[in-house]
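The structure displayed is predicted, hence computed values, not measured ones. Values below: every heavy atom of this structure, side chains too, minus hydrogens, waters and symmetry copies. Numbers here simply count residues along the sequence, with the first being 1.
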Amino acid sequence: MPLQDNRPMEGVAAKAVASPRSLIPHLGRMALLLDIDGTLLDLAPTPREVWVPPDLAVTLNRLMERTEGALALVSGRSLNDIDLIFAPEQFPIVGGHGAEMRLSGDSEAVATHAPPMDQELKRRLAAVAKLSPGILLEDKGYSLALHYRLAPHAEKAIYEAVSLIRADLPNAPIEVLPGKCVCEIKHSGFTKASGVRELMTHAPFEGRQPLFIGDDVTDESVFAIMPDYDGFAFSVGRRAQGVAGHFDAPSDVREFLASLLDDGNALTRP
């Protein structure tokens with residue numbers, strides 16, 4: 001089974017859950033919060049090469065209807081980048097690791113009081129991309145990412161160079177986020193968790209029980225706050241600490257989300 005239960009059982013190893021119905025309530029009381037890369041979508045050699053299966057947009061739009069709009073994409077990508085990936089569809093978004101937010105697909109972005117990264121600091125960090133061919137620089141506005149999936153040999157050199165910059169600027173309020181073949185640097189004043197906390201104060205998310213699915217280290221801050229909302233967290237590709245269960249791959253996540261729309265599924269009815 002793709003969905004695995006991580007909850008400890010006395011004398012019994014973790015096993016597959018017979019049905020997700022035993023873990024989460026019906027959609028009428030839920031808020032679905034979904035990471036993108038490595039969770040909804042399979043990872044690609046470069047950020048621009050990710051592919052959105054046609055059926056996924058259909059599933060997300062139907063889940064939007066069933067949850068009365070309480071579905072949001074939670075990502076390190078910028079809001080504009082996410083819109084390009086899912087075009088022409090637009091969804092509620094917590095983007096830029098919590099720096100940007102949009103409460104509905106047709107609304108304007110809501111400020112989250114996230115300060116932009118210092119331009120001089122960005123310039124110095126961007127120079128790290130010159131260490132090796134294959135390192136891709138991605139400027140997300142509020143953060144900067146160095147992708148090395150095409151240059152895995154450069155991982156150590158990248159982190160050493162970033163560490164030297166941090167040592168030279170000890171008072172700079174920045175945070176380094178190690179990811180899957182990416183080193184991302186952002187302002188330390190916001191996280192995906194802070195963005196989700198802000199999101200959960202607005203309709204239609206307020207008062208609902210959140211279900212968050214993520215795969216990366218950057219998602220762990222959201223895993224950690226789910227108990228504050230009596231919510232559920234699931235990891236993808238690994239058994240993360242503190243989650244209710246995990247999926248083996250993004251394809252399993254997509255299959256799970258589609259299954260929530262089954263007319264015979266109790267999750268769709270109060």
Side-chain angles (χ1 to χ4, degrees), residues 33 35-39 43 46-48 73-82 93-102 109-201 212 214-225 228 240-242:
L33 311 177
D35 174 51
I36 299 175
D37 295 274
T39 297
L43 295 174
T46 70
R48 295 295 181 188
L73 305 179
V74 181
S75 176
R77 289 181 182 264
S78 68
L79 194 152
N80 287 339
D81 194 24
I82 295 168
I93 291 171
V94 174
H97 294 289
E100 302 175 292
M101 183 181 304
R102 184 173 65 208
V110 175
T112 60
H113 312 293
M117 183 177 286
D118 178 78
Q119 289 300 314
E120 176 60 19
L121 176 59
K122 269 190 178 182
R123 186 189 66 78
R124 295 186 61 176
L125 291 169
V128 176
K130 298 178 181 179
L131 286 173
S132 173
I135 300 176
L136 302 180
L137 175 67
E138 183 183 12
D139 186 348
K140 301 181 180 182
Y142 293 93
S143 67
L144 189 145
L146 296 159
H147 299 270
Y148 53 90
R149 189 172 297 277
L150 299 179
H153 60 277
E155 177 179 10
K156 182 179 179 181
I158 290 171
Y159 280 97
E160 288 178 347
V162 172
S163 294
L164 288 174
I165 294 172
R166 293 188 71 187
D168 194 35
L169 301 169
N171 297 321
I174 59 175
E175 180 181 3
V176 178
L177 303 174
K180 295 177 179 178
C181 293
V182 61
C183 174
E184 189 157 359
I185 305 95
K186 69 172 187 65
H187 196 285
S188 59
F190 57 91
T191 63
K192 284 187 178 181
S194 66
V196 167
R197 285 194 184 278
E198 175 69 19
L199 180 77
M200 295 300 293
T201 67
F212 175 68
D215 73 304
D216 215 336
V217 173
T218 62
D219 298 313
E220 292 179 356
S221 66
V222 186
F223 294 158
I225 67 170
D228 297 346
Q241 186 174 3

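The shortest distance between side-chain heavy atoms of Phe212 and Val196 does not fall below 4.5 Å. Between Leu137 and Leu144, the closest side-chain pair of non-hydrogen atoms falls below 4.5 Å. Between Ile93 and Glu100 there is no side-chain heavy-atom pair separated by less than 4.5 Å. The shortest distance between side-chain heavy atoms of Asp118 and Leu169 does not fall below 4.5 Å. Taking the side chain as every heavy atom from C-beta outward, Glu184 and Glu138 never approach each other to under 4.5 Å. Residues Ser132 and Tyr148 are not in side-chain contact: their nearest non-hydrogen atoms beyond the backbone lie 4.5 Å or more apart.
Using a 4.0 Å cut-off between a side-chain N of Lys or Arg and a carboxylate O of Asp or Glu, Asp81 and Arg48 qualify as a salt bridge. Look at Asp37 and Arg77 and you find a salt bridge, because one of the NZ, NE, NH1 or NH2 atoms lies within 4.0 Å of a carboxylate O, short of that distance.
At least one donor-acceptor pair closer than 3.5 Å links the side chain of His187 to the backbone N or O of Gly189. No donor-acceptor pair closer than 3.5 Å links the side chain of Arg102 to the backbone N or O of Gly95. Distance alone, capped at 3.5 Å, is enough to place a donor-acceptor pair between the Thr39 side chain and the Asp215 backbone. Judged purely by atom type and a 3.5 angstrom limit, Ser188 has no side-chain atom pairing as donor or acceptor with the backbone of Glu175. Remark: the backbone N or O of Met117 is not paired with any side-chain donor or acceptor of Lys122 at under 3.5 angstrom.
Sparse packing is recorded around CD of Gln241, with 12 or fewer heavy atoms of other residues, nucleotides or ligands lying under 6.0 Å away.
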Checklist line | Derivation of the side-chain contact (heavy atoms from CB on, under 4.5 Å) call for Leu146 and Leu131 | finding: CA-CA 11 Å; Leu146 296 159; Leu131 286 173; over 6 Å; no
Notebook entry, point to check: Which is it for Lys192 and Thr218 under the side-chain contact (heavy atoms from CB on, under 4.5 Å) test, yes or no, and what are the steps along the way?
Noted result: CA-CA 7 Å; Lys192 284 187 178 181; Thr218 62; 3.4 Å; yes
Item checked: Intermediate values then yes/no, side-chain contact (heavy atoms from CB on, under 4.5 Å), Ile165 and Ile185 -> CA-CA 11 Å; Ile165 294 172; Ile185 305 95; over 6 Å; no
Margin query: Let's go through Leu177 and His97 carefully: what are the C-alpha distance in whole Å and the side-chain angles of both, what is the deciding distance for side-chain contact (heavy atoms from CB on, under 4.5 Å) to 0.1 Å, and is it a yes or a no?
Written below: CA-CA 10 Å; Leu177 303 174; His97 294 289; 3.8 Å; yes
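Atoms CD1 and CD1, on Ile158 and Ile135 in that order, are 4.0 Å from each other to the nearest 0.5 Å. To the nearest 0.5 angstrom, Ile82 atom CD1 is 6.0 Å from Leu73 atom CG. We find the CD1-CG distance between Ile36 and Asp216 to be 13.0 Å, quoted to the nearest 0.5 Å. With values rounded to the nearest 0.5 angstrom, Asp219 atom CG is found 8.5 Å from Ser75 atom OG.
Here the closest heavy-atom approach between residue Ile225 and residue Ala193 is recorded as CD1-O, 3.7 Å. The minimum heavy-atom distance linking Leu136 with Pro47 is given by the pair CD1-CD, 4.4 Å. When all heavy atoms of Met101 and Gly195 are compared, the pair lying nearest together is CE-O, 3.2 Å. Here the closest non-hydrogen pair linking Ala151 and Gly134 is CB-C, 3.9 Å. The minimum heavy-atom distance between Phe223 and Gly214, with the atom names listed, is CZ-O, 3.5 Å. Closest non-hydrogen pair, Gly96 versus Phe190, comes out as O-CE1, 3.2 Å.
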